[in-house]
Amino acid sequence: MDIIKINNISVSYGDNKVLKDFSMGIKKNGITAIIGPSGCGKSTLLTSLNLMLEENGGSFTGEILFKDKNILSYPKNDIRRMIGMVFQKPTPFPISIYKNLTYAPVFYGIKDKEKLNEIVKNTLIKTGLYDEVRGNLNMLATKLSGGQQQRLCIARALTVEPDVLLLDEPCSALDIKNTANIEEMLLELSKEYTIVIVTHNLSQAKRISDYTAFILDGQLVEYDETEKLFTSPSDIRTKQYIEGVYG
Amino acid sequence: MDMDDRIRDYIFKIWIAFSAITVISVIVYIFGYIFVHGISSVDMEFIFSQPKGMPIGTEGGIFPAIVGSIYLMLIACLFASTLAIATAVYTVFYCDNKRIEGIIHLIVKCMAGIPSIVLGLFGYTLLVLNLRLGRSLLSAGITLGIMIYPYIEVRIEKILREADKDIIDSSYALGVSKFHTLFKLILPLYKRDIISVITLAGGFAMGATAPIILTGAVLFAPVPKSLSSPIMALPFHLYILTGEGISLEKAYGTALVLILILLIINILSIVLTITGKEHN
Amino acid sequence: MNNLQERIFKIIIRLLTLFSLLLLAFIIIFIFRESLVFFEVVPIYKFISGTKWNPLGPPDQLSILPIILGTVYVSLVGIVLALPIGVGTAVVLSSYVDERPKRVIRSVVDILAGIPSVIYGFVGLLVLVKFFEIKLFFPSGESVLAGGIVLAVMMLPYIISTCDESMDKMYKEYSQYSQALGVSKSYMVRKIVLPRSKKSIFAATVLALGRGMGETMAVMMVIGNAPIMPKLLSKTQTIPSLIALEMGMAEVGSLHYHALFSGGFVLVIMLLIVNILLYFIENKMDI
C-alpha cells in the first residue's frame, strides 16, 4: 500500500524546470532509495514531499497524495510533522542536546516534563545515541562528532512522531564507521517508519533499501525492488548508471 | 618604476603616513584634552549631588543629568528596538516581495539621513504640542528612539540575514512555525549580537543633544519622577554650561563623565559581541 | 493554537513595520504642514533666494540664502579636509596593518564615531576657536573654517570605515597575485586598490556630506551663528543651528515659528536628494 502517491508533478525554480511530469508511489514502511546523477532532481523531489520546496523558492504543479489526501489540504506544519526531513549536512541547533530534542515537542504543546524526558530518551535510544550522551544532555549539540550530530538530527526528526522520514544524502559528510552506524539504525527504524533516502552511494542503496528509484534529468527511469533493479535492470540507462557510465 | 613614478610613490607614502598619524593624534588629543582638564572636577560629590549655585550649575554636581541621560537612553532603546526588530523580522522572514523589500530599505535609509534637529522639530510639534505630552522625558525619549531606529534596524536585519539558513530550514522541516523558530531559536541564538547593537545605539541616543533641546531637556530639574517630567541630560547640560558661560570647570567635568559613560557602553557592546561569537 | 499565535504575530509584525515606515511620512508631512503656513505668506523661491534673516522685521526679511550657503560651505570645507586624511587612513588600515592591531584600530574609529557632537563642539570651541583668536589673530575664531575642521574630524570615522571595508576586500583579493609578480605593496595599492575603491570613496563622500549638512551641535558651537553671506574666515550660520537656537524663542504659531519649520523643510529636501543619490550609487552605479 502506498503511503505517498506522486501523480504527474512538475517542479520548477523560476524558469528552471527540475522535475517533469513525474509520478511514483512510496510504499508504507521499509526503505526506498532514490538514486541518480547530481542535478537530476533527487533532492528537489524530497523537498516537494514536505513542502520545503517553497521555502527554497520553488513550486510544483500536479498532485501529491499523503495517505490518499492531497498534501496541500493538510496544514503545512502538520505535513512537515508527519513527513520529517534530515539534511545532507548535520544541522544540530546550537543549543543543548536536550533542547534540540524538546524544541519541536514544546512547539506542539507538550509541556509535561516527564513526557518530554521520555521523548528525549526514546528518540536517543532509537538512534543509538542514548548510551553515548546520557550523562551529557546539557552539552551543546554542536560539540558532538559529525556522526553523532547526524544521528541527533534524525532523533530530532523522530521527536514529533512522523510517519515518513526523508533523508537527503545523510551520510555524505561521514566516515565509513559512522555511515555503518546510521545504516544499521535506518534498517531498525524502517520497521516502524517509512524511509525515503536520497543517496549518491549505490552500494548504500543496495545494502539498505527495499525499493530503489533511478531518476535521470528530472524523470523516473526505473523503479523496482532493489534486488531486481541492481541485478537485472530493465532500462539500458539504469544499467549504464549502475555500471558507472554517468558517474 | 621610472623616476616620475618613484616620486609619486614617495608622495603616496607620505600622504598615507600623514593621514594615519593625524587621525591617531586627533583621537588621542580629544580624549587626552577632556581627561586632563576634566579629572580635577570629577569626584564623588560631583557625580552624586544636584547642581547648585547662582546661576545654577556653577557649583554642585550633575547627578540628575546622569540619571536623566540613562532614562532617556532606556526609553529610546525600548521604543526603537521594538520597531526595529519588527521591521527586520518582517523584511527577512515574512516579506517575499523584492520590491517591497527595496522600498523598506530606501525608507530606512532616508530616515537615517534625516538630521537630528529635524527629528527634534518633529518631536516638538507632534509629541510636545499636538499630543500634549509636553517637554518631557517621554517626548525626548521617543524622539531619540526615532533617531536610532534606522541604526538598529539595519544592523539587526544584517544579523538575521546572516543567520544560519540550514538551521532555520531544519526548524521549518519539523513543522515548527516562524514564530516559534524566531523566539525559541533565532533570537535567543543571536541575542548577544542584538543586545550589543541596541546598547551601541543607546550610546548614540545618550550623546545626542539636538533632538532633546526642544522636546524635554531643561537647565535644571530634579531626578525625574515620571515620564511627563522635564529632565536634565548630560550633553544638554554640557552645552548650557559652555554656551551660557556658566562654568568651564564644571563643563570639563560633565564632558569627562559623559565620555566615560559612553566608553563603558562601547566596551560593554564589544564584549557582548566577542562573547557572542565564542558562544556560537 | 500555534496557528493563531503565528497569525497574531504576523499581524503585529506587519503593523509595527508599517508604523515604523509611516514615521518617515509623518515626519515629512508634519514639517511640510507647518512650513506651508509660512510659504503662503512668503513664496518658497523668495525664502531660499532672499539674503536677509530678521525674525523681528517684516515677513520679507525672513529668507535664508546665506544660511543655505553657510550649511553647504561648512560641509564642503569639512569634506575637503576629511577626505584625503580619511582615505589615506583607510589605505593604511586595509593594506598596511596586521589583523590584530587592525581590529583594535577599527574599534577605536568606531568609538570616535560614537563621541557625541556636543563634545566635538566643546573641544572645538575651547581649542580651535581660541587658537585662531589668540595665536593667529583672527578677528573672530568662530568661522566657517572652524566649523569645517570640527566637521572634518566628525566625518573621519564614516569615511574611514566605508572605504576601509571595500579596500580590505580589494587588498585581500589581489595582494597574492600582485606579490607573485614582485610588485611593491605601495605600487599595487596605487594601481589597483585605490582606483577600484572609487565607488566607495564616492559613497563615503556623499554620506559624510549628508552628515555634515545635518549636524547641529558641533557646528553651532564654533561658527558664531551670524546669518550673513559665508566667508571662510568669518562667522556664519547653518540651518540646523538656526533651528536649534531660535526655536525655543519663537512664539508657537508665529511666522518666525513657521519660518524655522520651512528651514527644516528645505534642509530635509536637500538631504533627501543627497541620500537618494547615495542609494542609487550603492545599488546601481558601477564605476
Side-chain angles (χ1 to χ4, degrees), chain A residues 43 46-47 49-57 59 74-96 99-109 140-143 149-150 152-162 164-168 173, chain B residues 85 88-102 104-105 156-197 271-280:
Chain A
S43 301
L46 279 200
T47 56
L49 300 182
N50 69 344
L51 301 178
M52 280 302 284
L53 183 69
E54 56 190 70
E55 309 296 340
N56 304 331
S59 59
Y74 295 90
K76 193 162 71 184
N77 60 359
D78 277 1
I79 271 296
R80 290 189 186 158
R81 189 181 60 71
M82 294 182 291
I83 306 179
M85 183 165 198
V86 174
F87 298 82
Q88 183 170 0
K89 199 183 106 199
T91 54
F93 300 142
I95 47 183
S96 74
K99 281 191 183 154
N100 259 278
L101 297 173
T102 55
Y103 175 78
V106 167
F107 170 72
Y108 289 107
L140 215 57
T142 42
K143 289 194 176 147
Q149 288 189 9
Q150 195 59 301
L152 180 72
C153 290
I154 297 175
R156 189 177 62 197
L158 297 179
T159 57
V160 292
E161 298 170 0
V164 181
L165 207 51
L166 309 173
L167 300 127
D168 188 359
Chain B
I85 292 175
V89 164
Y90 178 75
T91 22
V92 177
F93 290 95
Y94 288 97
C95 177
D96 36 24
N97 184 331
K98 284 271 168 243
R99 277 236 358 225
I100 294 181
E101 207 178 299
I104 292 177
H105 289 158
I156 291 187
E157 192 180 319
K158 186 159 182 267
I159 292 172
L160 294 181
R161 220 170 267 290
E162 286 168 5
D164 195 337
K165 184 82 174 53
D166 293 338
I167 284 178
I168 297 170
D169 274 352
S170 304
S171 175
Y172 291 166
L174 287 165
V176 171
S177 68
K178 284 185 179 173
F179 175 81
H180 196 81
T181 307
L182 266 166
F183 279 88
K184 291 286 149 71
L185 195 63
I186 306 300
L187 294 182
L189 213 54
Y190 294 96
K191 71 171 177 257
R192 279 158 198 273
D193 297 286
I194 292 173
I195 293 173
S196 162
V197 165
V271 168
L272 271 170
T273 320
I274 293 171
T275 55
K277 289 226 170 69
E278 278 166 10
H279 186 77
N280 291 344

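Computed over heavy atoms, backbone and side chain alike; hydrogens, waters and symmetry mates excluded. All chains are named by letter (A, B, ...) in the order of the sequence lines, taking the proteins before the strands, and each is independently numbered beginning at 1.
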Residue pair Met85(A) / Ala173(B): nearest heavy atoms and the distance that separates them: CB-CB, 4.0 Å
How far apart are the closest heavy atoms of Val176(B) and Phe107(A), and which atoms are they? CA-CE2, 3.6 Å
Quick one, Phe87(A) and Asp166(B) - any side-chain contact, counting heavy atoms below 4.5 Å? no
Does any backbone or side-chain atom of Ile83(A) lie under 4.5 Å from a heavy atom of chain B? Answer side chain, backbone, both or neither. backbone
On a heavy-atom basis, the closest approach of His180(B) and Tyr103(A) is NE2-O, 3.4 Å
Restricting to non-hydrogen atoms, name the atom on Gly175(B) and the atom on Asn77(A) that form the minimum distance, rounded to 0.1 Å. O-CB, 2.7 Å
Chain B contact via Lys99(A) - which portion, at a heavy-atom distance below 4.5 Å: neither
Spacing of Lys89(A) atom NZ and Asp164(B) atom CG [to the nearest 0.5 Å]: 5.0 Å
Residue part contacting chain B, namely of Pro92(A), when any heavy atom lies under 4.5 Å: backbone
Restricting to non-hydrogen atoms, name the atom on Asp169(B) and the atom on Met52(A) that form the minimum distance, rounded to 0.1 Å. O-CE, 3.3 Å
For Gln88(A), does the CD atom have more than 12 heavy-atom neighbours from other residues, nucleotides or ligands under 6.0 Å away? yes
By a 4.5 Å heavy-atom criterion (distance strictly below it), what part of Asp78(A) contacts chain B: side chain, backbone, both, or neither? neither
Point-to-point distance, once rounded to the nearest 0.5 Å, from CG of Leu174(B) to CZ of Arg80(A): 10.0 Å
Return the minimal non-hydrogen interatomic distance between Ser170(B) and Thr91(A), and the atom names on each side. OG-OG1, 2.6 Å
Check whether more than 12 heavy atoms from other residues, nucleotides or ligands sit under 6.0 Å from atom NZ of Lys158(B), and answer yes or no. no
